[in-house]
Amino acid sequence: MCSLPKVIINTPSKNSYTTRQLFDSPELMLKNALDNIQSHIDIGDDYIPELRVEFGTGQVANAYGCGLYFPERSPICAHGNVLKSAEDVLKLEEPELDAGLFKKYTSKKKYNFNRRSKKCRGRKRTL
């Protein structure tokens with residue numbers, strides 16, 4: 001007899017960290033991500049575990065010069081716009097790889113990577 005497929009759901013978090021706290025602390029961001037993975041394990045859904053740095057969608061816009069908005073309990077998002085007209089998009093210069101939040105993103109990604117067991121790290125990669 002076949003059972004119905006399980007559905008991925010958002011699980012309640014036992015943490016009450018603000019977006020700013022998660023942004024400022026790689027330790028809290030990692031703990032929050034691991035607790036989220038555990039909550040899916042506990043309910044037995046078909047969630048595919050992922051461990052990533054969560055800065056929301058604002059990081060790309062921020063690299064181009066947009067401001068940032070830090071909602072209390074949601075991912076960081078762009079605030080404002082650097083374009084005055086649609087044609088201005090053709091004048092945008094490619095940002096540096098460490099522009100805006102990217103430098104902080106990379107440091108937190110390395111923080112997570114360095115906490116994995118050596119057995120799980122696989123071949124050496126550039127972050």
Side-chain angles (χ1 to χ4, degrees):
M1 179 172 168
C2 293
S3 63
L4 294 174
K6 295 181 180 181
V7 177
I8 296 175
I9 61 169
N10 289 326
T11 57
S13 174
K14 62 182 175 184
N15 300 320
S16 59
Y17 306 122
T18 65
T19 301
R20 179 58 81 171
Q21 288 172 315
L22 294 173
F23 176 78
D24 289 338
S25 171
E27 295 88 4
L28 287 181
M29 188 178 283
L30 177 59
K31 180 181 181 336
N32 192 62
L34 293 174
D35 288 347
N36 182 51
I37 291 169
Q38 187 61 51
S39 69
H40 285 280
I41 292 169
D42 291 346
I43 64 169
D45 72 0
D46 57 357
Y47 175 76
I48 299 170
E50 63 176 331
L51 188 56
R52 64 188 179 124
V53 176
E54 181 56 70
F55 280 178
T57 59
Q59 60 189 341
V60 175
N62 183 242
Y64 282 97
C66 286
L68 293 172
Y69 174 65
F70 289 78
E72 184 73 17
R73 303 267 179 229
S74 298
I76 302 164
C77 54
H79 184 261
N81 195 330
V82 296
L83 304 176
K84 303 290 185 240
S85 70
E87 290 78 23
D88 287 347
V89 76
L90 301 172
K91 300 173 194 170
L92 287 175
E93 294 184 25
E94 187 174 334
E96 296 295 322
L97 291 176
D98 63 351
L101 292 180
F102 285 128
K103 188 173 193 173
K104 195 162 193 161
Y105 173 87
T106 301
S107 72
K108 290 191 182 202
K109 187 175 173 184
K110 285 180 181 177
Y111 177 88
N112 286 353
F113 182 80
N114 290 331
R115 268 131 198 90
R116 297 187 323 166
S117 74
K118 291 183 186 206
K119 181 179 173 184
C120 294
R121 290 186 194 175
R123 60 189 165 98
K124 180 81 172 151
R125 296 186 323 194
T126 303
L127 297 177

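Atoms considered below: every heavy atom in the structure, side chains included; atoms not considered: hydrogens, waters and symmetry mates.
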Working to the nearest 0.5 angstrom, can you tell me the gap between [X] [atom1] and [Y] [atom2]?
X: Asn32; Y: Ile37; atom1: CG; atom2: CD1; value: 10.5 Å
X: Phe102; Y: Lys109; atom1: CZ; atom2: NZ; value: 11.0 Å
X: Leu28; Y: Tyr17; atom1: CG; atom2: OH; value: 5.0 Å
X: Leu22; Y: Leu30; atom1: CG; atom2: CG; value: 11.0 Å

Under 3.5 Å: donor-acceptor pair, side chain of [X], backbone of [Y]:
X: Thr19; Y: Ile76; result: no
X: Asn62; Y: Cys66; result: yes
X: Thr18; Y: Glu72; result: no

Quiz item: Val60, Val89: one ILVMFWY side-chain cluster at the under-4.5 Å cut-off?
Solution: yes
Quiz item: Given the rule in the side-chain contact (heavy atoms from CB on, under 4.5 Å) test, do Leu83 and Lys91 qualify, once you have shown the distances and angles that lead to the verdict?
Solution: CA-CA 10 Å; Leu83 304 176; Lys91 300 173 194 170; over 6 Å; no
Quiz item: Any side-chain heavy atom of Tyr111 sitting closer than 4.5 Å to one from Glu27?
Solution: yes
Quiz item: Does the side chain of Val82 come within less than 4.5 Å of Leu92's, by heavy atoms?
Solution: yes
Quiz item: Which atom pair, heavy atoms only, marks the closest approach of Ala61 to Ala78?
Solution: CB-CB, 3.6 Å
Quiz item: So which heavy atom on His40 is nearest to which on Asn36, and how close?
Solution: CD2-O, 3.2 Å
Exercise. Verify the neighbour count for atom CD of Glu50: are there more than 12 heavy atoms of other residues, nucleotides or ligands below 6.0 Å?
Key: yes
Quiz item: Got a sec: does the CG of Leu90 have more than 12 other heavy atoms crowding it under 6.0 Å?
Solution: yes
